[in-house]
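Order of the sequence lines sets the chain letters (A, B, ...), proteins ahead of strands, with each chain counted from 1. This structure is a prediction, so every number in the text was calculated from the model and none was measured.
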There are 2 protein chains.
Amino acid sequence: MKAPHRRRGAMWWHGKFKGMGYRLTTSRQAILDVLGESSEHLSAEDIYLKVHRIHPGVGLTTVYRTLELLVQTGLVFKFDFGDGRARYELSEGPKGARHHHHLVCTACGRVVDYTDFIDEEIELLNRTEKGLSAKYDFKITNHLIQFYGLCNECRGRS
Amino acid sequence: MKAPHRRRGAMWWHGKFKGMGYRLTTSRQAILDVLGESSEHLSAEDIYLKVHRIHPGVGLTTVYRTLELLVQTGLVFKFDFGDGRARYELSEGPKGARHHHHLVCTACGRVVDYTDFIDEEIELLNRTEKGLSAKYDFKITNHLIQFYGLCNECRGRS
DNA sequence: AATGGTAATGGAACCCATTACCATAAGGAG
DNA sequence: CTCCTTATGGTAATGGGTTCCATTACCATT
Ligand SMILES: [Mn+2]
Ligand SMILES: [Mn+2]
Ligand SMILES: [Zn+2]
Ligand SMILES: [Zn+2]
């Protein structure tokens, strides 16, 4: 049941984490694990509940604190899809192959990950980032791209 | 003081609004005016206060309701820059020349509008939107692009 | 093993932007 | 003017997210 190859994945945080002077505690491990295992867009409470099933001692406050920390260090992305809560996603797995953008249905809230067309996007993004960095003297570290519209189902009724 | 050329601008909502069966009331006018006159990223309360100076009768609730309506009809964009409140911006003036993207400093919250490099972006966006529409059967109506980083000032201290 | 200082934690109190209510005031068609 | 729908404002409630503070876990030294 427990995918054994996860063990490998569990390692790659270690470096980045302790490297920045933070402790890799059980709670933090647990939260990272939950994020690593899920392919959905989890809210803080979602994560809290999942973590809670295995580590009932972990409090919601710690989840919030840890998430903030993870976002700060760049390990996790924080999104706002318009329902009142923030959503979190591991920024990328051991192999940096998870980067993607989002497609959001403004009617039902459905969110679709997509990685198609990224090649061209990446190319342009890099150029744009470079240009913007220079012109506005910003050190750009990240970007957010989301498309909004109506999914097939929600379009199915005038 | 009152820019008289605004009169012209005030007209173009009329159509879209009444066309959709909504009344163009004084409150709504006032809110649209405030949005049209400001070049900043106003929060609901910002708008409320500005409107309040001229129309003390307008309540905060109405501001929220109106903003939601305006967002729904596409007249206004709603943004989340990471401070706890939503920000609103007229989607575009009479001449559709205001569309822009954002550059956000993750340290101090500064937000910069930019319209440079948009040409290429638009080109790619259109292609991407077309592709995504087809592949995921989404009717794409809008997009959001933001770059995150550190502004010159915030970078000025390790 | 005992000690001491710092980082981390949990639970409850709190904050505050946004919503839900509900009673009242317009707007407008006939 | 009358009836009916839409819009409004004030206030109470909601609910994610934070702050506080007393308690623990961690780690390096005596
Ligand atoms: Mn995603
Ligand atoms: Mn802007
Ligand atoms: Zn939908
Ligand atoms: Zn800054």
| Within less than 4.0 Å of OP1 or OP2 of C:dA20, is there a side-chain N or O belonging to B:Thr61? | no

| message | Output the rounded distance in Å from NE2 (B:His55) to P (D:dG9). | response | 11 Å

| field | Interatomic distance, A:Gln29 CD vs C:dA8 C1' [rounded to whole Å] | value | 15 Å

| Over how many whole Å does the gap from A:Glu45 atom CD to C:dG10 atom P extend? | 16 Å

| said: Classify the ring geometry of B:His102 against B:Phe81: parallel below 30°, tilted from 30° to 60°, perpendicular beyond 60°. | reply: perpendicular

| field | side-chain N/O A:Ser43 vs D:dG16 OP1/OP2, d < 4.0 Å | value | no

| Any side-chain N or O of A:Tyr64 less than 4.0 Å from the OP1 or OP2 oxygen of D:dT18? | no

| said: Without decimals, in angstroms, what is the distance between A:Arg23 CZ and D:dT24 P? | reply: 16 Å

| query | Would you say C:dA8 has OP1 or OP2 under 4.0 Å from some side-chain N or O of A:Arg28? | reply | yes

| said: Quick check on C:dT9: is either OP1 or OP2 less than 4.0 Å from any side-chain nitrogen or oxygen of A:Ser27? | reply: yes

| message | Using 30° and 60° as the class boundaries, would you call the ring planes of B:Tyr114 and B:Phe147 parallel, tilted or perpendicular? | response | tilted

| Between A:Thr25 and A:Arg65, which has a closest nucleotide on DNA chain D that is more 5'? | A:Arg65

| said: Please determine whether a side-chain nitrogen or oxygen atom of B:Thr62 lies at a distance below 4.0 Å from atom OP1 or OP2 of D:dG9. | reply: yes

| query | Can you tell me how far C1' of C:dA7 sits from CE of A:Met20, to the nearest Å? | reply | 16 Å

| Do B:Val71 and B:Glu68 have side chains that get closer than 4.5 Å, going by heavy atoms? | no

| request: Output yes when a side-chain donor or acceptor of B:Arg87 lies under 3.5 Å from a complementary backbone atom of B:His41, and no otherwise. | output: yes

| query | Roughly, in whole Å, what's the span from CG in A:Leu60 to P in C:dC14? | reply | 18 Å

| message | Given 3.5 Å as the limit, does a donor-acceptor pair link the side chain of A:Arg155 with the main chain of B:Asp137, or not? | response | yes

| note | Under a 4.0 Å heavy-atom cutoff, the residues of residues 67-84 of chain A touching DNA chain C are none

| message | The test is salt bridge (charged side-chain N to carboxylate O under 4.0 Å, His left out); show your working for A:Glu120 and B:Arg127 and say whether it passes. | response | CA-CA 10 Å; A:Glu120 288 176 285; B:Arg127 244 184 318 143; 2.2 Å; yes

| Protein-nucleotide distance (A:Tyr88, atom OH; D:dG16, atom P), rounded to Å | 12 Å

| Is any side-chain heavy atom of A:Glu89 closer than 4.5 Å to a side-chain heavy atom of A:Asp113? | yes

| query | A:Arg85 near the nucleic acid: base, sugar-phosphate alone, or nothing, with a heavy-atom cut-off under 4.0 Å? | reply | sugar-phosphate

